[in-house]
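Note that these values count all heavy atoms, side chains included, but never hydrogens, waters or copies made by symmetry. The structure presented is a predicted model; accordingly, all values stated were derived computationally and were not measured.
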Amino acid sequence: MTAPLIAPVIPSSARPSVRGRRAAGAGRRLPVAAVLVPPLAPQDVLYGFGRIDAAGRVADRAVIKALGWCCGDRLTLTAEAGVVTARRDPGGMIAMTAKPYIVVPAALRRRCGLRPGDRVLLAAVPADDTLTACSFAVVDQAIRARGAFPHAQGGQP
């Protein structure tokens with residue numbers, strides 16, 4: 001005896017019916033992750049890095065060049081914990097040298113806790129004619145205050 005033949009099932013190449021399309025898309029939509037847009041870097045600030053040497057010199061050629069400070073320009077320096085700010089000031093007590101660096105006097109370094117060898121973040125704001133040097137300890141505190149390192153030592157769990 002021979003078994004009856006079974007006709008093959010081949011899908012039609014014709015467009016599916018409207019009813020068929022609804023059935024395929026009737027499932028619930030999957031959630032889509034929101035894309036976080038990072039803030040734009042400020043266009044009015046130039047950042048760099050420097051290291052304070054034993055004589056209190058700190059430099060980043062590009063940062064100093066952006067300020068346009070030249071040999072003989074007078075600067076006023078102010079300090080707070082871990083931060084030194086230099087401003088061009090005709091009555092300033094510090095003079096720019098021929099080389100592109102500023103010198104932070106020892107008394108000012110001691111007052112704000114900067115030691116030889118410390119690396120600092122330099123931020124130049126040409127419109128304000130200022131240069132700010134922040135110790136990495138200050139930068140670290142700012143980052144931790146935002147909760148960016150929640151499980152690191154000293155961070156919040």
Side-chain angles (χ1 to χ4, degrees), residues 16 18 20-157:
V18 172
R21 278 188 281 160
R22 275 199 193 129
R28 68 179 191 142
R29 301 188 115 202
L30 295 176
V32 178
V35 178
L36 298 177
V37 179
L40 296 175
Q43 299 298 310
D44 61 337
V45 180
L46 178 66
Y47 291 101
F49 295 101
R51 183 180 302 274
I52 298 177
D53 71 6
R57 296 176 294 217
V58 61
D60 181 308
R61 289 181 189 272
V63 172
I64 300 292
K65 185 177 180 182
L67 290 166
W69 293 354
C70 303
C71 180
D73 285 347
R74 308 298 293 179
L75 306 174
T76 294
L77 278 71
T78 56
E80 55 186 80
V83 180
V84 174
T85 301
R87 289 180 175 78
R88 189 163 28 185
D89 175 9
M93 297 185 68
I94 307 293
M96 277 296 294
T97 64
K99 303 227 178 185
Y101 59 76
I102 61 167
V103 178
V104 181
L108 208 53
R109 291 192 314 266
R110 279 192 299 275
R111 185 183 313 156
C112 64
L114 294 173
R115 297 179 307 277
D118 283 354
R119 291 188 45 86
V120 292
L121 172 69
L122 297 170
V125 184
D128 293 340
D129 219 13
T130 62
L131 174 67
T132 301
C134 300
S135 71
F136 278 176
V138 170
V139 173
D140 182 70
Q141 285 177 349
I143 291 171
R144 288 178 191 274
R146 290 201 67 193
F149 306 136
H151 299 293
Q153 182 180 5
Q156 300 168 338

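Distance check: Leu46 CG to Asp60 CG gives 7.0 Å after rounding to the nearest 0.5 Å. Atom OH of Tyr47 and atom OG1 of Thr132 lie 9.5 Å apart (nearest 0.5 Å).
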Quick one: side chains of residues 99-125, donor-acceptor pairs under 3.5 Å with protein atoms, not counting sequence neighbours, listed by atom name and distance.
{"residue": "Arg109", "atom": "NH1", "partner": "Val104", "partner atom": "O", "Å": "2.5"}
{"residue": "Asp118", "atom": "OD2", "partner": "Arg115", "partner atom": "N", "Å": "2.8"}

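At a threshold of 4.5 Å between non-hydrogen side-chain atoms, the residues Thr97 and Arg57 do not count as touching.
The minimum heavy-atom distance linking Pro90 with Arg74 is given by the pair O-CG, 3.5 Å. Nearest heavy-atom pair, Pro126 versus Asp44, reported as atom, atom and distance to 0.1 Å: CD-O, 3.6 Å.
In this structure Asp128 satisfies the side-chain hydrogen bond (donor to acceptor under 3.5 Å, both in side chains) test with no other residue, sequence neighbours excluded. With sequence neighbours excluded, the residues satisfying side-chain hydrogen bond (donor to acceptor under 3.5 Å, both in side chains) with Thr76 are Asp89.
Looking only at distances, no side-chain donor or acceptor of Arg88 sits under 3.5 Å from a matching main-chain atom of Thr130.
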